[in-house]
Protein chains: 2
Amino acid sequence: MADTARRPEHRYGNRPTMKDVAARAGVGLKTVSRVVNGEPGVTPDTERRVQEAIDSLGFRRNDSARVLRKGRTASVGLVLEDLADPFYGPLSRAVEEVARAHGALLINGSSAEDADREQELALALCARRVDGLIVIPAGSDHRYLEPEIRAGVATVFVDRPAGLIDADVVLSDSYGGARNGVAHLIAHGHRRIGFIGDRPRIHTATERLRGYRAAMEDAGLEVAEEWVSLGPTEPDRVARAVGAMLSGPNPVTALFAGNNRVTVTTVRVLASRETPVALVGFDDIELADLLGITVIAQDAAALGRTAAERLFRRLDGAEEPPTTVVLETKLIPRGSGETAPA
Amino acid sequence: MADTARRPEHRYGNRPTMKDVAARAGVGLKTVSRVVNGEPGVTPDTERRVQEAIDSLGFRRNDSARVLRKGRTASVGLVLEDLADPFYGPLSRAVEEVARAHGALLINGSSAEDADREQELALALCARRVDGLIVIPAGSDHRYLEPEIRAGVATVFVDRPAGLIDADVVLSDSYGGARNGVAHLIAHGHRRIGFIGDRPRIHTATERLRGYRAAMEDAGLEVAEEWVSLGPTEPDRVARAVGAMLSGPNPVTALFAGNNRVTVTTVRVLASRETPVALVGFDDIELADLLGITVIAQDAAALGRTAAERLFRRLDGAEEPPTTVVLETKLIPRGSGETAPA
DNA sequence: GTGAAAGCGCTAACAT
DNA sequence: ATGTTAGCGCTTTCAC
């Protein structure tokens, strides 16, 4: 029987193994392992022979087997909302860089803001035995991760806090940022200010709303019911919300947009109107400088980096209790937030 | 000795195994495996007992072991340039969606436009035995992947062709898109048009330049040497190039920007100038509509989706010879490309 | 319907 | 300096 047909189909398309390399080089299995892993205790001559066998067979170590034996996968999982969102791209990249510095690969998954999908993804990553997990929560109950964390999966939550479990968290200061932004509008003479945010079950949305309310209260301003709108960030919904706030008996003269997607739609709607409306948006967006959009910027890359660094500190054995880190936001005035009421 | 101390440290933080579940449920190992994998041939009663043991122990199947045995990881790798780039986010997300539909996870890696890093990443993914690999090439020689492809790793190249190997490729029509864009400028009366693109070793950069030259030649226009600038997309470099083309004895009246990053910087530079300069950019960018930037749009998500679908068709056993798919681009006029020369 | 035994490719522990 | 053995946790095979 031909040599190539010797093996069962499932063996990764008949890849050579260390055993094959050992046979070819006329050495023992462990010697091959030593060469492959750069361990000491091999004479230059044997090493050369092994290396030749490796090259001629096209051998590449099977990390699946290695992982099974070592118990560490050198990979971390990142569950986020949507990789296509310009906010999460840089965050993910920052996590990847830290992982890379620690010799680990990154497995990404998008929850699409769905709690079940978040859980499914996170648990699939745990089944793969990722060393650590970074989660941008879609759901609000993370007790399903308790057994995993107890079993040793380092876990850090980013952008939003964990629900019902005690864990490391890295956040931006949504409350403070929104409060500053709204205070900024008030300082420029606005009294009727609208808030358009994401769905109320999203932590950052309610925190930013809280900041808005605090700023209004600080200034002794009442908030009319119709000035607040939380909901999906689909352009239609946001456009309707903007339209409603600008019409009616009590129209706003300024708007605070609760995140990047809301800001973008709001800018589009305002551009098609003649009466100027002041605007401050949470999250910086590309080209906002040219459009003169005043924003509360958060540093997505810093969020990712901070979370990843905490994760690897845990993996390196740090035993401190879980902490919550809050990163500051920055108000960037560019014009849209510095106009007086019409 | 306490039960919890029974196991060696490396066993994934002492997670229960199927063996443990079997012991607890008083059944054989294989029966647990059957329950866990939903295989038939287990009485409802046994199944219940096994499920109870699973729940009480917090058992979760170790996919590393499963992978080793089955030879398939149900994961695909994606090597791209930079996850933080707004062009690659949607592409990556599209790949992820297709992978998800096939029950596979996605491992991402950024090459940072470095050929060595691309190779390192791609081979690391192969060592993990990803079932398939999608590569946005940074390098121009992919012969290093030949043994992997021969060993059964399905591989598809996106955005740029593979170098020196025969493989599936999915591209946007860079040549045609640039040619259309430049022809559009010529149709609006421009005769002196500049081209600013990415580094010449990047395939899309040279293809777009080729399209530019073709459009100029079609119109019987000479291309002055100083109207063409290829190089890194760093803002400084691009800004210098724009400045040079707009000054001197033979200034251009219109510019073609070779990709999203070049367009962004060019728009910034032009915004600070008084004389209007026409502009068409390759790649659509967020808020370009509000800034009135005319672009040649390519569909990043379609690139990713098409590549991923091809990949999974291969994994499902398709044996056709490698093909190259070219996706059309679309000219979106928004104002900046429709102004006559000053 | 159920289980015992073999083995996936590697590394750890222990020879030689 | 090199090799042998056991076993990581699972699936496959085959026997009961």
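Scope of the values below: all heavy atoms of this structure, side chains included, with no hydrogens, waters or symmetry mates. Each chain gets a letter, A, B and so on, in the order the sequences are listed, and its residues count up from 1.
With C:dG3, C:dG1, C:dT11 as the choices, the nucleotide that has an atom nearest any side-chain atom of B:Thr43 turns out to be C:dG1. The side chain of B:Arg69 lies closest to C:dA6 when the candidates are C:dA12, C:dC10, C:dA6. Comparing C:dC10, D:dG3, D:dT11 against the side chain of B:Met18 picks out D:dT11 as the nearest. Nearest nucleotide to the side chain of A:Leu68, out of C:dG9, D:dT12, D:dG3: C:dG9. Counting only heavy atoms from C-beta on, A:Lys70 has its side chain closest to C:dT11 among C:dA4, C:dT11, C:dG7. Here the side chain of B:Phe59 is nearest to one of C:dG9, C:dT11, D:dC10, namely D:dC10.
The interatomic distance linking B:Lys30 (NZ) with D:dT11 (P) rounds to 7 Å, in whole Å. Residue B:Asn37 contributes atom CG, which lies 16 Å from atom P of C:dT2 at whole-angstrom precision. Here the P atom of nucleotide D:dT4 and the NZ atom of A:Lys19 are 12 Å apart, to the nearest Å.
Nucleic acid contact class of B:Arg34 (heavy atoms, under 4.0 Å, all strands): base. No engagement by A:Asp63 is indicated, since no non-hydrogen atom pair under 4.0 Å with the nucleic acid exists.
Side-chain contact of B:Ser111 with B:Glu81: a donor-acceptor pair under 3.5 Å is absent, judged by distance alone.
A donor and an acceptor atom never sit less than 3.5 Å apart when one is taken from the side chain of A:Arg15 and the other from the base of C:dG9.
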Distance-only donor-acceptor pairs under 3.5 Å for side chains of residues 21-28 of chain B, two or more places apart:
| from | atom 1 | to | atom 2 | distance (Å) |
| --- | --- | --- | --- | --- |
| B:Arg24 | NH2 | B:Ser56 | OG | 3.1 |

